[in-house]
Amino acid sequence: MSAAPLLAELFHRLDPPPRLLDLGLPEARLFPWVAGAVCGVAGEEALPPAERALLAGFRDAARRRPPFGFDAAADAAMLAQAPAAWGGGGEWLVCLPGAPPLSLAPLWRGGAWALLRAAGQAGWVGSDRGRIMLLAGTPAAVEHYDLVVPVERLEEVLERLHEAAAALAAEGAGWRTGRRRISARLASLTLLREAPQRPGLALAAPALWHDAAVELAGGALPLTGLKRLRLLLGSLPAGPARLVVLLRGGVPPVLFLGGRRLAATPLPGPAGTTRLEAATRLAGGPAEVLGLAALPGPAPALLGLEVAW
């Protein structure tokens, strides 16, 4: 399984947890697993036109914010930490597929952290940054990320991560954890699980990113008047999976994953809700897009979704 859910849980256990900006689209591996995360691109001009148009249409259900990199005014407001654009405390954690855009320079001056998926990408950060090599996953499938932090904070961040890893490992057997201070600018942290992790993803409606002109109502997304709705799920671990769309009232929609129709079964849930379940196989590459197509009859309200492997 992917190490992304494991790293998300590790960062979540920091006090306070960092605020995540995942610029990995069209993949965005960490984004689905972190509550309140913002996804985006480091440079939308590098995307093919069709992909750029698709991603630009999504909005954060809670704040109606576009993905980072598609709206300069929205980006500037978020980077300024305007209350309407972002809430909460903690460091900024920026996931990057390569060198960052120039617009992020204020974040680095403010001490933001960078998480790099591939080794050897840290040359742009300068001599005032330290690097923690994060080795996560299983002994048979170790993934390497580089966490880049202000050099004067390297030891503190390393200790905080080690404490979070130890707390996670204390919840069950079969973990390997460890830390090593290699130099003033380099350290490593290991977090391995002996058995492949089988995470479960649960997203309530306010945490979804969708492409329809609809506002939240009572914590749900009313689908009234919509012919279709697309949800941006981010990159999910590959393998057989079960998708569950949680609905209230109305006629359940038809489901499409990446443009392919899914055979789905509506099952009764608690308090008059419906669980629309579909089995599928996830490829584990670019971000998944789940489509909902309306059928004749009363429209339901979307409460959220679940993915299980």
With sequence neighbours excluded, give me every salt bridge (Lys or Arg N to Asp or Glu O under 4.0 Å) pair touching residues 203-213.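 Pairs touching residues 203-213 that pass the test: Asp211-Arg228, Asp211-Arg230.
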
Ignoring hydrogens, what is the shortest heavy-atom contact between [X] and [Y]? Give both atom names and the distance.
X      : Y      : value
Pro286 : Ser235 : C-OG, 3.7 Å
Ala187 : Leu158 : CB-CD2, 3.7 Å
Ala264 : Leu276 : CB-CD1, 3.7 Å
Phe58  : Leu231 : CE2-C, 4.0 Å
Leu229 : Ala212 : CD1-CB, 3.3 Å
Ala205 : Ala61  : O-CB, 3.4 Å

With ILVMFWY side chains joined below 4.5 Å, transitively, what does Val142's cluster contain besides itself?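 Besides Val142, the cluster holds Leu135, Leu192.
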
Leu102: hydrophobic cluster co-members (side-chain, 4.5 Å):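 Under the 4.5 Å side-chain rule, Leu102 groups with nothing.
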
All N/O donor-acceptor pairs, side-chain side in residues 22-33, below 3.5 Å, sequence neighbours left out:
from, atom 1, to, atom 2, distance (Å)
Asp22, OD1, Gly24, N, 3.0
Asp22, OD2, Arg29, N, 3.4
Asp22, OD2, Leu30, N, 3.1
Asp22, OD2, Phe31, N, 3.0
Glu27, OE1, Arg29, NE, 3.2
Glu27, OE1, Arg29, NH2, 3.0

May I ask you to test the [X]-[Y] pair for a side-chain heavy-atom distance under 4.5 Å?
X      : Y      : answer
Leu191 : Leu10  : yes
Phe11  : Arg13  : no
Trp309 : Pro237 : yes
Arg248 : Pro300 : no
Leu232 : Cys39  : yes
Thr274 : Val245 : no
Leu255 : Leu292 : yes
Leu236 : Leu201 : yes

Under 3.5 Å, sequence neighbours excluded: what are the donor-acceptor pairs made by side chains of residues 216-226?
none

N-O pairing of Glu159 and Arg179 below 4.0 Å: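 Judged by the 4.0 Å cut-off on N to carboxylate O distance, Glu159 and Arg179 do form a salt bridge.
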
For residues 66-77, which side-chain donor-acceptor pairs fall under 3.5 Å, sequence neighbours excluded?
from, atom 1, to, atom 2, distance (Å)
Asp71, OD1, Ala73, N, 3.1
Asp71, OD1, Ala74, N, 3.0
Asp75, OD1, Gly69, N, 3.4
Asp75, OD2, Gly69, N, 3.0

Hey, could you give me the [atom1]/[atom2] distance between [X] and [Y], rounded to the nearest 0.5 Å?
X      : Y      : atom1 : atom2 : result
Trp209 : Asp60  : CH2   : CG    : 5.0 Å
Phe256 : Arg261 : CZ    : CZ    : 5.5 Å
His162 : Ile132 : NE2   : CD1   : 12.5 Å
Met133 : His144 : CE    : NE2   : 6.0 Å
Leu147 : Leu189 : CG    : CG    : 9.5 Å

Applying side chain to side chain donor-acceptor pair (under 3.5 Å), name anything that partners Glu51, two or more places apart in sequence or on another chain.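 Partners of Glu51 by the side chain to side chain donor-acceptor pair (under 3.5 Å) criterion come out as none, since no residue qualifies.
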
With sequence neighbours left out, write down each residue that passes side chain to side chain contact (heavy atoms under 4.5 Å, CB included) with [X], or none if nothing qualifies.
X      : result
Leu295 : Val251, Val254
Val244 : Arg242, Leu246, Arg275, Glu277, Glu306
Glu215 : Arg64

Please check: side-chain N/O of [X] versus main-chain N/O of [Y], any donor-acceptor pairing under 3.5 Å?
X      : Y      : value
Arg185 : Arg129 : yes
Arg52  : Leu47  : yes
Thr177 : Ala165 : no

Can you list every pair that meets side-chain hydrogen bond (donor to acceptor under 3.5 Å, both in side chains) and has a residue in residues 280-296, with sequence neighbours left out?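 Applying side-chain hydrogen bond (donor to acceptor under 3.5 Å, both in side chains) to every pair that reaches into residues 280-296, excluding sequence neighbours, yields Arg260-Thr280.
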
Is it the case that more than 12 heavy atoms not belonging to Arg160 sit under 6.0 Å from its CZ atom?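 Enclosed.
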
Output a table of donor-acceptor pairs, distance under 3.5 Å, between side-chain atoms of residues 148-155 and any protein atom two or more places apart or on a different chain; print 'none' if there are none.
from, atom 1, to, atom 2, distance (Å)
Arg153, NE, Glu156, OE1, 3.0
Arg153, NH1, Glu91, OE2, 3.2
Arg153, NH2, Glu91, OE2, 2.8
Arg153, NH2, Glu156, OE2, 2.8
Glu155, OE1, Arg181, NH1, 3.2

